Each structure stands twice: as structure tokens, then as C-alpha cells.
2 protein chains.
Amino acid sequence: MSKVRRATMTDVAREVGVTAKTVSRVVNDDGPVAAETRERVLQAMRKLGFQPNLMARNMRVGARDSTVGLVIPDMGNPFFGTVAGGFESAVRARGLTLIVGSSEEAADRERSLISTFLARRVAALIVVPSADSDHRHLRDERAAGLPLIFLDRPAAGLRADCVVSSNREGARAGVAHLIGHGHRRIAFVGDLPALYTRKERLLGYRDALAEAGIAFDRSLVETGHDHEAAAAAVARLLGARDPATAIFAANNFAATGVILGLARLGRTDVAVVGFDDLPLAEVLRPALTVVAQDPAAIGQAAAKLVMARLDGERSRAQTVVVPTRLIPRGSGELPPPRRPAEPEHHPR
Amino acid sequence: MSKVRRATMTDVAREVGVTAKTVSRVVNDDGPVAAETRERVLQAMRKLGFQPNLMARNMRVGARDSTVGLVIPDMGNPFFGTVAGGFESAVRARGLTLIVGSSEEAADRERSLISTFLARRVAALIVVPSADSDHRHLRDERAAGLPLIFLDRPAAGLRADCVVSSNREGARAGVAHLIGHGHRRIAFVGDLPALYTRKERLLGYRDALAEAGIAFDRSLVETGHDHEAAAAAVARLLGARDPATAIFAANNFAATGVILGLARLGRTDVAVVGFDDLPLAEVLRPALTVVAQDPAAIGQAAAKLVMARLDGERSRAQTVVVPTRLIPRGSGELPPPRRPAEPEHHPR
DNA sequence: TTGTATGCGTTATCAT
DNA sequence: ATGATAACGCATACAA
């Protein structure tokens, strides 16, 4: 059995005894139509189950599709899901549809998705860059007026609009919070060193230390890009001479791993602040203090940029920084042990 | 500054001194082209930055877009995100692009999204129905051969393909697990009563009780559609005469709320099994035993159905049930208290 | 108020 | 091996 042909404007027009153009007028509320004609057209539309073909319309009208392409590293990650949701609800009123693809953090997947989206003539392109991608090939698109926005991490080799969390300031605030509660041996457990977010957050960590006059100690910086790696880092950090009394976990994998590592060691006395909120943060004991990002706001900011660009705003590339917010819940307010095993230095 | 016109096949053809059709042949590897001509066309394509217009191609070729429309209730929910990811990676090789919209659990949003997708002439439509929607209006589409698949919950008023978790059997297994560890007072905390998944899981709960010869007790069934409601339910269940010694939390909001409620009461002796896994399940103390769903497999199953339908499979609507898996982690293996406060019945 | 001619960018069909 | 022409479904510009 073959696919039934769908009714077109011409079909509707023939049914009524008018021209396609008249049907078009009815459909788009464009130009004058006699009330009676309009009624007959509407009836015929219902009878034939007519639905306008958006592809044909867009092609005729603008050579630009009414879709926005979004490339994210992982659809299962609620952070990006919420970003996408925030974006979608902000552009919906404008009739834009979201096309999403997942790059799986692979530069070549990202590139192929971008090609697909460009081939569809998306009205705008939004990319969360994967680790080692390069975006110089998008220069012409941007020059041609395609709204092009990078999320969470900036573009590589290209000046373009960008929306990021206040990584540095957020991390600074989180670490300052720990310092304010008396800690001076504060560990940093973060992403792979190459990642933009890790670098920014590490800068914020160092800012906070510097403000408090605490010397930076390389041995307190660990990498935990997954649960197990972070848990292992915790064991090292706490097993060292002059161990950490507090841990700043610079992303939510790290935070989860840190919590897991502490639980395995049976330690409930180590202060923890995480970057990025977790759904179960308040259920943990102690509840997890975090520097929360606002993924929905990131999506909305991107939407605002996209719509401004679509409206012809030609200003130079701008970077929007979305604020983070410290949420104290318990784990970040634990004090350091009374007398840390701080070996008194006895000069002889 | 106006948008720069993009190069078309005709532009490329003129540049080389051939016809658009020849360029088309090169682009699609269709029909014979002289090696030299082909080379010159490729060069011109690069020079002009030509990218084929998928909209025009799809319109000409099939009147079917190479996209699949997916309607989910909430993009920020990792369950649906992972479903979408599983689907996308399974259809990618076939050149299908995913279009996603979020219904926010509202029937009218769902309907308007479906209209948009149909207007785009999606190649297939996948819907996670919101609570009170009706799908009879899709009958004609389905009859016309549009692959139409419902996820997580069945369609309302329409026989169509459907992919669901093994809700009933999964719940049965989870509750049987608790029974196997000695519990007989097992509470059920679930969604709003109207929801399909709640009903199915409640059936499974009753199946397990029946198997073990335990009478169903209405007072042990509670509704917790958000954290606080579930936490409050826990207080009621444990405060009652003859209180529950174990809780089956029938979705992850309920599970989170139950954990929160127990923590607030300082209770660590109540066994808990959750339906649907949580990212932090193993970090909790005790780690949370769950009946895990497999969202990626659900997405893949949907993809398989879609592709079979696109390949002309005309069999009647089928329902695919994706198995769940019990993951014991600690909370579900807690024994009931030695002598439950079971008032001995002394006949006088 | 309605119709006609034309074109968007591509491919199908039939020629050459 | 390549070209000419028409057509996909719709909207623009203008005419009637």
C-alpha cells in the first residue's frame, strides 16, 4: 500500500472552485476574501484534511527555515535539557521550532550535525562546543548574517555571540564561602584540565584563596572527570599529610564522586561545596551546598540573542554571563576540625 | 546590511558552464558525470561555499521531510532526554534529524506541537502523551501511512504503536523483593491516580501482595506527585498504628520525597525500593535499591518501529514492552524490625 | 474581491 | 555525458 497523497492548496481550491491563491489568502489571513468564499474554503480544508506545507512556504518566503538548530553534547544530561527547554519556550511564541542533535562530545559529530542544520537552512544555529572542535569554518555563515551562538563554552577560533555561566565568580564565591567557615586547606576537584569550564572555575578558586591570603597549593588540585576518579581523588586528598578539610567540587560528576568517596571513607566531617545543583542535593546528609547554575536562564539568554539578531541587530559579538547562586544547605557550612593535625613547626 | 544570498546549484552551474542538473548529479552521485566535469563542479562548489538546500530537495523528492517529530513533556527530565538520545543515535545513520518540542504536560501544547510537526511533513511522529490528551485526530494521519508511535504511555482513543516500560512486572518484582526480605506492611507511594504509569505499577504492587497472600490495605496507598507530598505521605505512613516497614516509591519524584521524608524523621530502618533509577542512588546511605527503567532502550525500540514502518511494514499496531531491572543496593534489603509493634490479639 | 504569471532550489523525465 | 523543461507546494506582484 502506497502513501496517500496529502491535500494541497490546489486540491482545496479545485474543491471549492477558486484558485490556490484564494485558499492561500484564507490560510494566512492575507488580503481580502469574501466572507462566503472564506467559509466554503474553510469547509473544504476540513473535508480534505488540508494542512499547509511549511517546507514549501518557508522555501518560497525566505529561503530560511523557521527552525533553530541546537547542538548539545548529551541529551540525557538535564543541564542541557533544561537549557534547551528554556530556549524553546522563549522562541515558541515566534513560531520557531527547535531541531536538536547530540554531538556526544565528538568534534566530528558536531561538525556533521552543523552541516545538516545548515543544509536545512536553519534560521539560527546554537552550539555547545565539544572539547576539541574548531569553528573557523562558520566564519562565512556568521558574516552572511546567520545568528550563531555558543553556549556554556566559547567558540574556538571565531568571534561569536556566547552565553556562559559566571564560572569564575561562582567558583570564587563557593570557595570564599568555605573560607568564611574557617577552612584553609581546601581542595579543588574538577574536570579534565583542557576544558574551558574547569579553567575558569580554577581561576575563581585561586581568586578566593588570594583574597584570603592563602597560598595556592598544587597538591590540593585534583582531576575527577567521573565518579570513580573523583572518589579516588578524595581518598588521596584526605590521606595526605596536612589533608584537606574542605572540598570544592567543580562540576556535578565531581560532586557526586566526592560524596561517594566520603561515604566510602565514612567521613561526614569534611565540608563540600559543589558547582552546579543536583536534584537530590537536599536529600543528602548533610544536604549539599552548591553554586547553582541557571540552565533555563542560559537558554532564555540565548533565545534573546537569537531574536535580536533575527531582527537585524548587527552589533559585534557579545558574551552574556548568566549569574550563579550560592545555595547553602549544610555541607558547605561544616567547620574544620578543632585542631587540625597541623604539625607545629619547632625550630631547634 | 541585508542577508547575503546563498549560492544555489544554478550559481555553481553557471560558474562551471554546465546546467544545474549536472551539479545535482555530482552532489548526489546520481547518473554519469565526466571525471573532469565532476572535478570542476566540486571546485566551484568549494569556491562558492555551496551547500545543497535540504528543504528544496525534500519538497521535490518526497513531500516528506527527513525529520522525525518528538513530543515530550519536559526536556529537562533526564528520562526523556535519554529516550530522545537513544532514538536519535539509532536513526542517525538513516539520515533522519530529530525535531523536539516540549508539551509541558499540557494537552493543548501537545496538540499545537503535533500540528507544527505535521505541517513540516515529518517522516514520523513520536509522542509521549500528556495526562489528558486525546489522539483521535491523528487517525487519518496513521491511516495515510505516517509512522506514529506513543512512548511511555499509550495513545488515547487510537490504536497505534506504543513503547512502554514493563511497569506492572517491574513493580511486582520490586515489591516481591521487599516481601522476600520479610516485609508484610509495604506502602505504595505513587503518582496522581489518573496516570497510566501509576495504575500499572499499582497493579504490579497488588500482584506481588496477592502472590504472597498478603491482603491489600488501602491505607497503605499514598499519592506523592512531588517531593513534599511524598515526604508528608511518609510521615503519615510511619505514624499510623501498625505502620509500614517498607515503602515502594512508584516514580522518582516519589522516591526522592520518600528519602527526604525518612531523613527528616531520622529513620534509617525503613526499607525502600524506587521505580526508575536516580543518578545519585548509589551515593545515598543506604544506597537506593531501584527497579531501573532503560530509557535508551525505549528510544531504540521506538527507532526500530519507526524504521520498520518507513520501510513499508503495514502490520497492525503493536506494543513493545521494554524490560525493567531490579538493582539491589541496600535500601531494599533492610529487614523489618525484629518484633513489629504487632498487637497480639488476645481473645477474652 | 479574485485570478494569472512567475519563481523559490531542487530533481524527474526525456532529449540530445 | 549533458541539457531542456516541467514540476513539487506555496507566495509575490500585478492585473482584472
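Below, read A as the first sequence line, B as the second, and so on, with proteins coming before strands; counting in each chain starts at 1. Treat the numbers as computed from the prediction; the structure is a model and nothing was measured.
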For atom CG of B:N53 and atom P of C:dG7, their distance in whole Å:
18 Å
Strictly below 4.0 Å, N to O, side chains only: are B:R94 and B:D311 in salt-bridge contact?
yes
Can you check whether any acceptor in the base of C:dG9 is under 3.5 Å from a donor in the side chain of B:R57, or vice versa?
no
Is the closest basic N to carboxylate O distance between A:R14 and A:D11 below 4.0 Å?
yes
Do B:R60 and C:dT10 share a donor-acceptor pair, side chain to base, under 3.5 Å?
no
Give me the one residue out of B:E110, B:E104, B:R109 that meets side chain to side chain donor-acceptor pair (under 3.5 Å) with B:S130.
B:E110
A:N58 CG to D:dA11 C1', straight-line distance once rounded to whole Å
12 Å
Are more than 12 heavy atoms from other residues, nucleotides or ligands located less than 6.0 Å from atom NZ of A:K21?
yes
A:S24 vs D:dC10: side-chain N/O to OP1/OP2 distance below 4.0 Å
no
Carboxylate-amine/guanidinium proximity below 4.0 Å for A:D140 and B:R6:
no
Whole angstrom value for the distance that separates C1' of C:dC8 from CZ of B:R6
15 Å
Rounded to whole Å, how long is the line connecting atom CZ of A:R121 with atom P of C:dC8?
14 Å
Among D:dA11, C:dA12, C:dG9, which nucleotide has an atom closest to any side-chain atom of A:M9?
D:dA11
Please report the distance, rounded to the nearest Å, between CZ in A:R120 and C1' in C:dT10.
14 Å
Do A:E141 and A:H135 pair up side chain to side chain, a donor and an acceptor below 3.5 Å, judged on atom types alone?
no
OP1 or OP2 of D:dA11 versus the side-chain N and O atoms of A:N28: is any pair under 4.0 Å?
yes
What pair of heavy atoms forms the shortest contact from B:P147 to B:L310, and how long is it?
CG-CD2, 3.7 Å
Rounded distance in Å - CD (A:Q51) to C1' (D:dG9)
14 Å
Rounded to the nearest Å, what distance is computed from the CG atom of residue B:D30 to the P atom of nucleotide C:dA12?
6 Å
Can you check nucleotides 1-4 of chain C for protein contacts, nitrogen or oxygen pairs under 3.5 Å, and list what you find?
residue : atom : partner : partner atom : Å
C:dT2   : OP1  : A:T37   : OG1          : 2.5
C:dT2   : OP2  : A:A34   : N            : 2.6
C:dG3   : OP2  : A:T19   : N            : 3.1
C:dG3   : OP2  : A:T19   : OG1          : 2.9
C:dG3   : OP2  : A:T22   : OG1          : 2.6
C:dG3   : O5'  : A:T19   : OG1          : 2.8
C:dG3   : N7   : A:R25   : NH2          : 2.9

Integer-rounded Å distance: D:dA1 P and B:R40 CZ:
15 Å
